Amino acid sequence: MKIATWNVNSLRARADRVEAWLRRTDVDVLAIQETKCRDENFPWELFENNGYEVAHFGLSQWNGVAIASRVGLEDVERAFAGQPVFGKGGKDPVQEPRALGATCNGVRVWSLYVPNGRALDDEHMPYKLQWLDVLKDQAAGWLQADPQAQIALMGDWNIAPQDEDVWDIDLFRREGLTHVSEPERAAFRAFERAGYADVVRPFAPGPGVYTYWDYTQLRFPKKEGMRIDFVLGSPALASRVRSASIDREERKGKGASDHAPVIVELD
DNA sequence: ATGGTCGGAAACCGA
């Protein structure tokens, strides 16, 4: 069984590429982030025509997560229990569509789009950290309830856990940029302490291995990227991993997402 | 020449 995660940065703008990619890679499950559409605008046929069931959670042009599967799609959950809400400047808090869970052939898959944080002193940063803390508590609970559970927490984590996960750590430090701060990294490590492991890094070690390249500044041709998309597996899931890869080729050419798909092959 | 990008409920905001 092959599972994958991909921040497509607008599904409608990327429909042709996503369809071609599905046909080419032959994955069984794809977790998608940043669909950037509501259910009414979601390209359901794209998946159905290619043999996939699909679940989507999207409320506006922002965020949006989906899971496509051709090995079953059960117990779909929009948001995790206690998922923090965000209300900008005291406005009505909303539960943003950033998490979608579904069981696919015995694997509990979560498609996750972790809040960006925007800046170290922005109100989105405590939101990001709180969001991760609550998810970590939930994920720890799932494992306590069933230590044999096969769980894949996959998506755009918006964290670069190690110095080698950005092209120039000194620049990030000097500029006080997000994604590499100690609180963000601690939030990521908390998942590892709870029993989850990055199942891709052993098969795609750095340095210089990334999943995201900013559209600006010619970051991709200059090989200046960030590793921020991860598949964290529970012990039972991790023990099934046969190989993993980052599809850097998909970042090439006109009409590419700024994120590359990340693929994990299970026994 | 010392900046170079995308997408969308766009003429700004979010990444």
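As the structure is a prediction and not an experimental result, all values here were calculated from the model. So that the names make sense, note that chain A is the first sequence line, chain B the second, and so on, each numbered from 1. What you see below is based on every heavy atom in this structure, not just the backbone, and it leaves out hydrogens, waters and symmetry mates.
For the side chain to side chain donor-acceptor pair (under 3.5 Å) test with A:N9, the passing option among A:Q33, A:E34, A:K36, A:H259 is A:K36; the others fail. When each of A:K2, A:R240, A:R242 is checked for a salt bridge (Lys or Arg N to Asp or Glu O under 4.0 Å) with A:D267, only A:R242 meets the rule.
Applying the under-4.5 Å side-chain rule to Ile, Leu, Val, Met, Phe, Trp and Tyr, the cluster around A:L177 extends to A:V166, A:W167, A:I169, A:L171, A:F172, A:V180, A:Y210, A:Y212, A:W213, A:F220, A:M226, A:I228. In the hydrophobic clustering, where aliphatic and aromatic side chains (Ile, Leu, Val, Met, Phe, Trp, Tyr) are joined below 4.5 Å either directly or transitively, A:M125 groups with A:L120, A:L129.
Comparing the same atom, P, in B:dT2 and in B:dG8 gives a spacing of 31 Å after rounding to whole Å. Comparing the P positions of B:dG14 and B:dA10 gives a spacing of 14 Å, expressed to the nearest Å. Of the P atoms belonging to B:dG3 and B:dG7, the separation is 24 Å, rounded to the nearest Å. On the P atoms, B:dA1 is 25 Å away from B:dC6, given to the nearest whole Å.
For A:D122 and B:dC13, the CG to P distance is 14 Å, given to the nearest whole Å. Taking atom CG on A:N63 and atom C1' on B:dA15, their separation rounds to 11 Å, with Å as the unit. Straight-line distance from the CG atom of A:N7 to the P atom of B:dG14: 17 Å, rounded to whole Å.
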Residues A:F191, A:W157; criterion ring-ring contact (aromatic ring centres under 6.0 Å, His included); working and verdict: CA-CA 12 Å; A:F191 285 86; A:W157 290 74; 4.9 Å; yes
Let me see the working for A:L266 and A:Q150 under side-chain contact (heavy atoms from CB on, under 4.5 Å), right down to the final yes or no. CA-CA 11 Å; A:L266 306 174; A:Q150 299 181 55; 5.5 Å; no
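With sequence neighbours left out, A:R173 forms a side-chain hydrogen bond (donor to acceptor under 3.5 Å, both in side chains) with no residue at all. Applying the side-chain hydrogen bond (donor to acceptor under 3.5 Å, both in side chains) criterion to A:D121, with sequence neighbours excluded, gives no partner residue.
Against DNA chain B, the stretch residues 177-186 of chain A makes no heavy-atom approach under 4.0 Å.
Using a 4.0 Å heavy-atom distance criterion, A:R118 is classed as a sugar-phosphate-only contact. Counting any heavy atom pair closer than 4.0 Å across all strands shown, A:Y113 reaches sugar-phosphate atoms only and no base atom.
Donor-acceptor pairing under 3.5 Å is recorded for the side chains of A:R108 and A:T103.
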Output one letter per nucleotide in nucleotides 3-11 of chain B: B when a protein non-hydrogen atom lies under 4.0 Å from the base, S when only the sugar-phosphate is that close, - when neither is. -BBSBSB--
